[in-house]
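I have placed the structure first, in the form of structure tokens, so that the comments after it can refer back to it.
Naming convention: chains lettered A, B, ... in sequence-line order (proteins, then strands); numbering from 1 in each chain.
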Amino acid sequence: MRRTQAFIPTSKEAPSDAQLASHIFLSRAGFVTQSAAGLYNYLPLAKRVIKKIENIVNEEMTKVGAQEVELSFVTPADLWEESGRIEKFGKELLRFKDRKDTQFVLAPTNEEMMVDFVRNRITSYKNLPVNLYQIKTKFRDEARPRFGLMRGREFIMKDGYSFHSCSEDLDREFDVMEAAYKKILTRLGLDYRVVEADSGAIGGSESKELMVIADSGEDTIAVCSKCEYGANIEAATRSERKEIPEAPEAEFNKFLTPNIKSIDELAGFFKVDPYYTVKTVAKKVIYEDSEEIVLFFLRGSDNLQEVKAVNATEALDIVDANEEELQALGVIPGFIGPLDQDKAKHVIDSSLKNARNMICGANEQDYHFVGADLSVISEVAYFADIAEVNAGDSCPHCDGELNFTKGIEVGHIFKLGTTYSKALKAEFLDENGKAQPFIMGTYGMGISRLVASVIEQHHDENGCIWTKSTAPYMVNIMVSNIKDEEQIALGEKLYSELQEANVEVIFDDRKERFGFKMKDAELIGFPYTVIIGKELVNGNVQVYERSTTEKTAVSVENILGEIMELSNS
RNA sequence: CGGGGCGUAGCUCAGUCUGGUUAGAGUACCUGGUUUGGGACCAGGGGGUCGAAGGUUCGAGUCCUUUCGCCCCGACCA
């Protein structure tokens with residue numbers, strides 16, 4: 001491509017609302033433009049990058065036997081009613097009617113569609129397993145899209161679905177997909193981590209997320225300092241605390257604690273480690289057709305992990321409870337405790353099972369219990385892991401400690417089981433001629449988010465630094481002085497030679513000065529720029545490497561070979 | 001959903017509080033010239049229903065009402 005003919009509108013200034021490096025540089029360098037909140041247009045450079053990523057995904061999927069298909073973007077709403085997800089997905093599902101007044105949704109993911117696609121077409125265990133995927137636009141009407149391509153409402157996602165006749169085969173495929181996803185991210189040149197995850201709105205049992213490590217990531221992940229363990233904070237677990245603070249010694253007693261409501265105040269008042277206090281978090285728990293106040297009890301040293309709380313209560317969502325709701329219930333904020341708790345349904349964190357020497361609310365204005373022994377309710381109360389792990393907690397798998405880091409979720413793989421096949425009555429006949437629901441897995445990867453992730457991980461103050469596998473063009477030929485006929489002639493020659501050799505090359509033949517064109521090349525981030533300029537009098541050109549910002553002189557005779565070598569390495 | 005901010009040239013913004021010729025700057029763009037190793041300079045030029053609708057006024061970018069759009073913060077520890 002000749003730069004004079006390319007549609008690459010670069011600019012010095014980013015949109016005022018751009019915050020992230022990827023958003024700023026992808027806008028400035030002429031990759032994307034915004035059309036509305038969370039909606040972006042892809043310019044030619046972005047389209048090239050997307051195709052590169054898609055090709056790598058396709059190659060790796062083909063290697064493991066997954067087959068590419070394409071489902072309609074507009075999907076009948078009744079499939080979503082059939083699975084029950086039309087409620088669960090809520091407003092994120094964009095719904096509309098066609099001219100015949102039939103309800104449709106824009107697909108945010110395609111479990112239902114894919115199950116419908118195979119049901120009654122694959123009917124025998126002999127035709128299993130099968131793994132089908134597509135790479136296509138998805139739409140989720142997010143309450144608050146942000147960060148450019150990172151969290152758009154419309155985005156490109158690879159979504160894959162596998163169908164199995166037994167769970168062992170699903171386990172096998174799950175591992176195959178994990179390995180394939182890792183391969184893809186490695187090929188893209190990304191630093192990532194595979195972590196255990198919550199299954200969220202999709203449903204299912206085991207799931208893992210592929211996280212690109214970046215400070216700007218929206219997810220917090222806990223990673224072990226010693227072993228491979230990593231988990232999204234929503235799902236992270238820990239082993240029992242090893243260094244336990246010295247326990248306060250006190251007989252069971254009710255203590256006057258006027259206006260002592262927070263954990264800080266309580267621990268300070270009794271001069272104990274918050275570990276020995278019981279924290280109460282009151283939430284309103286929302287179910288499909290009802291809601292109620294639930295009290296969550298934790299150690300004072302822990303925080304409630306809301307996703308775990310949602311799972312423990314099997315709720316659709318949980319929101320804060322307000323004072324009035326608590327008063328209506330008859331509980332006394334600040335002095336709520338788990339002992340003799342009969343006012344509200346409650347969940348107790350498993351770290352409190354059989355806990356002794358605890359200080360907790362006495363369910364009475366201005367009173368707390370000291371020396372409480374929770375083993376008395378261990379038989380009757382509902383315990384669950386609802387605590388968020390803290391930095392420094394012990395790894396659940398080894399003796400390392402957990403540290404926090406930020407990640408961008410670019411992939412998520414699930415063992416779905418029969419959730420959808422049962423709901424949609426998608427069955428096959430097994431060896432005994434008996435009808436069984438498909439056992440499913442689902443595997444997502446955010447293609448447009450990967451574009452942004454590459455830049456989040458690879459940029460400097462001057463712009464993008466594309467990895468070789470993602471670069472829109474491998475080489476940029478830059479003629480320093482467009483009036484120098486010798487320079488132009490060499491540029492033209494090299495340009496056609498590289499094209500001939502199938503190197504993706506752009507030829508900056510614009511009538512601009514050296515600095516202008518260099519800044520532009522740095523902003524866009526081509527891996528290599530061949531500078532044809534002042535060194536030419538010595539028979540040399542220079543190769544500028546974007547990732548190191550170093551310029552190396554190469555003789556005119558050797559430049560073609562040098563570039564071929566660099567672009568293939 | 002709750003709270004806040006902003007809509008003026010392709011882009012980044014000033015002007016709005018305190019209404020008053022023809023609405024500005026930088027940048028980008030076009031023409032000509034100079035320059036040619038880090039977004040250079042000189043001269044000339046094109047580009048605006050001031051988000052939209054309604055109202056107040058002799059007069060509205062500016063004041064009032066409505067509305068649309070975009071962005072940010074929040075959705076936690078009893």
**Prompt:** Between E492(A) and R2(A), is there a salt bridge with N-O shorter than 4.0 Å?
**Reply:** yes
**Prompt:** rC50(B) and rA60(B): how far apart are their P atoms, nearest whole angstrom?
**Reply:** 12 Å
**Asked** When we call it a touch if two heavy atoms are under 4.0 Å apart, what does P15(A) touch: a base, just sugar-phosphate, or nothing?
**Response** sugar-phosphate
Cut-off 3.5 Å, no hydrogens considered: what does the side-chain donor-acceptor table look like for residues 264-271 of chain A, sequence neighbours left out?
from, atom 1, to, atom 2, distance (Å)
E265(A), OE1, K261(A), N, 2.8
E265(A), OE1, S262(A), N, 3.0
E265(A), OE1, S262(A), OG, 3.4

**Integer angstrom distance from the P of rC17(B) to that of rU65(B)** = 15 Å
**Request:** Looking only at side-chain atoms of L326(A), point me to the closest of rA78(B), rC1(B), rC70(B).
**Result:** rA78(B)
**Message:** Looking at D215(A), I want to see if its CG is surrounded by more than 12 non-hydrogen atoms of other residues, nucleotides or ligands under 6.0 Å.
**Reply:** no
**Asked** How does each nucleotide of nucleotides 38-45 of chain B score, in 5' to 3' order, for protein heavy atoms under 4.0 Å: base (B), sugar-phosphate only (S), or none (-)?
**Response** BBB-----
**Prompt:** Contact class for E265(A) vs. all strands (heavy atom < 4.0 Å): base, sugar-phosphate, or nothing?
**Reply:** nothing
**Prompt:** What is the nucleic acid contact for N481(A), judged by heavy atoms within less than 4.0 Å: base, sugar-phosphate only, or nothing?
**Reply:** base
Strictly under 3.5 Å: I want the nitrogen or oxygen pairs between protein and nucleotides 32-34 of chain B, one per line.
none

**Request:** In whole angstrom, give me the gap between the C1' atoms of rC29(B) and rG46(B).
**Result:** 9 Å
**Message:** Nearest heavy atom decides the nucleotide; on that basis, is R146(A) or T280(A) closer to the 5' end of RNA chain B?
**Reply:** R146(A)
**Item:** Over all atoms of both residues, closest heavy-atom pair of F297(A) and Q341(A)
**Value:** CZ-NE2, 4.2 Å
**Prompt:** Of R546(A), E562(A), K468(A), which is the lone residue that meets side-chain contact (heavy atoms from CB on, under 4.5 Å) with Y528(A)?
**Reply:** K468(A)
**Asked** Given the P atoms of rC64(B) and rG2(B), what is the spacing between them in whole Å?
**Response** 24 Å
**Message:** For a 4.5 angstrom cut-off between non-hydrogen side-chain atoms, does T109(A) reach R140(A)?
**Reply:** yes
**Message:** Measure CD1/I386(A) against C1'/rC77(B) and give the value in whole Å, please.
**Reply:** 11 Å
**Message:** Between R153(A) and K261(A), which residue's closest nucleotide on RNA chain B lies nearer the 5′ terminus?
**Reply:** R153(A)
**Request:** May I ask you to decide whether R3(A) forms a salt bridge with D509(A), counting only side-chain N to carboxylate O separations under 4.0 Å?
**Result:** no
**Prompt:** Does rC77(B) have a Watson-Crick or wobble mate here (both distances under 3.5 Å), and if so which one?
**Reply:** none
**Asked** Over how many whole Å does the gap from D17(A) atom CG to rC11(B) atom C1' extend?
**Response** 12 Å
**Asked** Contact class for E388(A) vs. all strands (heavy atom < 4.0 Å): base, sugar-phosphate, or nothing?
**Response** nothing
**Request:** Please determine, for rG59(B), whether a Watson-Crick or G-U wobble partner exists with both distances under 3.5 Å, and give it or none.
**Result:** none
**Request:** Going by the ring-ring contact (aromatic ring centres under 6.0 Å, His included) test, name the single residue among F335(A), F255(A), Y276(A) that passes it with H368(A).
**Result:** F335(A)
**Request:** For rG48(B) versus rA14(B), give the span between their C1' atoms, rounded off to a whole number of Å.
**Result:** 15 Å
**Request:** Nearest whole angstrom, please: distance from the C1' of rA9(B) to the CD of E13(A).
**Result:** 14 Å
**Message:** From NZ of K284(A) over to P of rA75(B), roughly how many Å is that when rounded to an integer?
**Reply:** 17 Å
**Asked** D349(A) versus D385(A): any side-chain heavy-atom pair under 4.5 Å?
**Response** yes
**Message:** If we check side-chain contact (heavy atoms from CB on, under 4.5 Å) with S394(A), which of these qualifies: E243(A), E401(A), R238(A), K242(A)?
**Reply:** K242(A)
**Prompt:** Are the charged groups of E291(A) and K284(A) less than 4.0 angstrom apart, N to O?
**Reply:** yes
**Asked** Partner of rG32(B) by Watson-Crick or G-U wobble geometry, both contacts under 3.5 Å, or none?
**Response** rC42(B)
**Complete:** Which of rC13(B), rA78(B), rG37(B) is nearest the side chain of I263(A)? It is rA78(B)
**Whole angstrom value for the distance that separates P of rA78(B) from CD1 of I359(A)** = 15 Å
**Asked** Within this structure, what is the CD1-to-P distance between I24(A) and rC11(B), rounded to whole angstrom?
**Response** 17 Å
**Prompt:** Nearest-Å distance, CG (D302(A)) to P (rA78(B))?
**Reply:** 14 Å
**Asked** Rounding to the closest angstrom, what is the interatomic distance between rC68(B) and rA53(B) at atom C1'?
**Response** 10 Å
**Request:** Identify the nucleotide, in any strand shown, that forms a Watson-Crick or G-U wobble pair with rU65(B), with both distances under 3.5 Å; if there is none, say none.
**Result:** rA53(B)
**Asked** Given that both distances must come in under 3.5 Å, which nucleotide forms a Watson-Crick or G-U wobble pair with rC11(B)?
**Response** rG26(B)
**Nucleotide paired to rU21(B) in any strand shown, Watson-Crick or G-U, under 3.5 Å** = none
**Asked** So what does K279(A) hit on the nucleic acid, given a heavy-atom distance under 4.0 Å: a base, only sugar-phosphate, or nothing?
**Response** base
**Same-atom distance (P) from rG10(B) to rU21(B), integer angstrom** = 24 Å
**Prompt:** NA contact type, A282(A), heavy-atom cut-off 4.0 Å: base, sugar-phosphate, or nothing?
**Reply:** base
**Complete:** Looking only at rC71(B), rC77(B), rG37(B), the nucleotide nearest the Q34(A) side chain is rC71(B)
**Request:** Answer yes or no: is there an ion pair linking D302(A) with K279(A), defined by an N-O contact shorter than 4.0 Å?
**Result:** no
**Asked** Which whole number of Å gives the distance between the P atom of rU8(B) and that of rG61(B)?
**Response** 15 Å
**Message:** What is the distance, to the nearest angstrom, from the CD atom on Q542(A) to the P atom on rG37(B)?
**Reply:** 12 Å
